[in-house]
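Note sheet for the following structure.
Quick note on labels: first sequence line is chain A, next is B, and so on, each numbered from 1. Just so you know, these numbers use all the heavy atoms, side chains as well, and skip hydrogens, waters and symmetry mates.
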Number of protein chains: 2
Amino acid sequence: MKLSTKGRYAVTAMMDIALHEKVGPVTLADISQCQGISLSYLEQLFSKLRRNGLVQGVRGPGGGYRLAKPASEISVADIIDAVDEKMDLTKCGGKGNCDGGSKCLTHKLWYDLTCDLHRFLSGITLDQYLNRPHINELVKKQDEQYGRFINRRTAA
Amino acid sequence: MKLSTKGRYAVTAMMDIALHEKVGPVTLADISQCQGISLSYLEQLFSKLRRNGLVQGVRGPGGGYRLAKPASEISVADIIDAVDEKMDLTKCGGKGNCDGGSKCLTHKLWYDLTCDLHRFLSGITLDQYLNRPHINELVKKQDEQYGRFINRRTAA
DNA sequence: TTAAATACTTAGTAAATCAGTCAGGAATAG
DNA sequence: CTATTCCTGACTGATTTACTAAGTATTTAA
Ligand code: FES
Ligand code: FES
């Protein structure tokens, strides 16, 4: 578990997709422009997100990315784990066997805390943020500002 | 809010101090040896922890660091905030005024999530980890292994 | 009073990571 | 066919990490 601006970019982008799920696939170019993230950087991130089974790419005109699972089944922890390398646990290298087979003190202290945190972030799924009162108003505003989905019907 | 190995080091070191609170000040040399963190790196981290009022340094022989507040009043969020620079929120630079005075969509999505996370980590205080069943056994084991506090009485 | 132990400070550094560019290839709709 | 999109890989400057080195300041104990 690790949390950096990289994770922030990924979570933001995933939320953008989730918010437009009903309109159809969302292009990285749109996300790049609206959320202010470099296109090439997004491509790197989505390469990881796709390999981890969180999104599904659709090529060709009218394509883009869509969620590979319902928003209710994608947690923030999933996204961060997919994008950020897990930080290593020094001494034992994640094996947890410094102390003759069992976890040593250092390991256990951090391990316990990380588990708590991971459990917390696993409980936060994308859909929890989609239907908040103020959000949908902002989405509409932003879409208009950037002229997104102007000739797009509600997708199949 | 940001979470990296740097934060891990700080939290681990703080827990080491908290675990020996009754024995007296803990030296960075001891922490360095037992938790496997470079001494000079610890000095940098504790410089920040001290400036943020989380620990109190005691100079001279028999000195070390002790908590500046009760363990129940020091949260993991406090430690991480003290040590890790807060990550910036790109476009607006934390001001939250992209959108004509109010927070834009990008900002709001991340802001809401960060608040949830921060609230969670603020609720986790050091003392919650001190009295877990397995921990005290491990502390004793480690102290013996490194010969810590062999001629030290319970401090005033 | 001296010596040792500790906190504290600053400067420097190799390696890693971040965030991005660039250049192209592959699939698909019209 | 052509434009649009995903997709991949190589490369890069800037920053951060984690650490080393070298000192100074303060306190205790002999
Ligand atoms: S650091 Fe993992 S068991 Fe010791
Ligand atoms: S990024 Fe902060 S308000 Fe837009």
Nearest-Å distance, CG (B/D84) to C1' (D/dT17)?
10 Å
Whole-Å gap separating P (C/dA5) and CD1 (B/I31)
18 Å
Are OP1 or OP2 of C/dT6 and a side-chain N or O of B/Y65 less than 4.0 angstrom apart?
no
Where at least one partner belongs to residues 32-49 of chain B, residue pairs that pass salt bridge (Lys or Arg N to Asp or Glu O under 4.0 Å), sequence neighbours excluded:
B/K48-B/E85
Which side-chain N or O atoms in residues 50-62 of chain B pair as donor and acceptor under 3.5 Å with protein atoms at least two apart or in another chain?
from  : atom 1 : to    : atom 2 : distance (Å)
B/R51 : NH1    : B/S47 : OG     : 3.1
B/R51 : NH2    : B/S47 : OG     : 2.9

5' priority, DNA chain C, between B/V58 and A/Q44 [closest heavy atom]
B/V58
Phosphate OP1/OP2 of C/dC18 contacted by A/K2 side-chain N/O (<4.0 Å):
yes
Specify the separation, in whole Å, of atom CD of A/E43 and atom P of C/dG25.
15 Å
Taking only side-chain N and O atoms of B/K48, does any of them lie within less than 4.0 angstrom of OP1 or OP2 on C/dT9?
no
Anything under 3.5 Å between a protein N or O and an N or O of nucleotides 27-30 of chain C, put it in a table, one pair a line.
from   : atom 1 : to    : atom 2 : distance (Å)
C/dA27 : O4'    : A/R59 : NH1    : 3.3

Can you figure out which of C/dC18, D/dC19, C/dT21 approaches the side chain of A/S38 most closely?
C/dT21
How many whole angstroms separate atom NZ of B/K6 from atom C1' of D/dC19?
12 Å
Test salt bridge (charged side-chain N to carboxylate O under 4.0 Å, His left out) applied to A/K140 and A/D143, step by step:
CA-CA 5 Å; A/K140 202 177 159 190; A/D143 285 352; over 6 Å; no
Aromatic plane relationship, B/Y65 with B/F46 - under 30° parallel, 30 to 60° tilted, over 60° perpendicular
tilted
Could you state the CG-P distance from A/L39 to D/dC7, rounded to the nearest angstrom?
13 Å
Look at the side chain of B/R51 and decide which nucleotide, out of C/dC18, C/dT9, D/dT20, has an atom nearest to it.
C/dT9
Side-chain N,O (A/R66) to OP1/OP2 (D/dT5) below 4.0 Å
no
Evaluate the criterion salt bridge (charged side-chain N to carboxylate O under 4.0 Å, His left out) for residue pair A/R8 and A/D84; output intermediate values, then yes/no.
CA-CA 10 Å; A/R8 180 180 106 86; A/D84 273 316; over 6 Å; no
Could you state the interatomic distance from NZ (A/K69) to OG1 (A/T125), rounded to the nearest 0.5 Å?
11.5 Å
Nearest-nucleotide wise, let me know which of B/S40 and A/L28 is further upstream toward the 5' end of DNA chain D.
A/L28
For C/dG20, does either OP1 or OP2 sit under 4.0 Å from a side-chain N or O belonging to A/Y41?
no
Expressed in angstrom and rounded to an integer, what is the separation of B/R50 atom CZ from D/dT26 atom P?
12 Å
I need the CG-P distance between A/L45 and D/dG9, as an integer number of Å.
16 Å
Which is it for B/D116 and A/Y129 under the side chain to side chain donor-acceptor pair (under 3.5 Å) test, yes or no, and what are the steps along the way?
CA-CA 12 Å; B/D116 288 347; A/Y129 288 84; 2.7 Å; yes
Roughly, in whole Å, what's the span from CD in A/Q56 to P in D/dC6?
13 Å
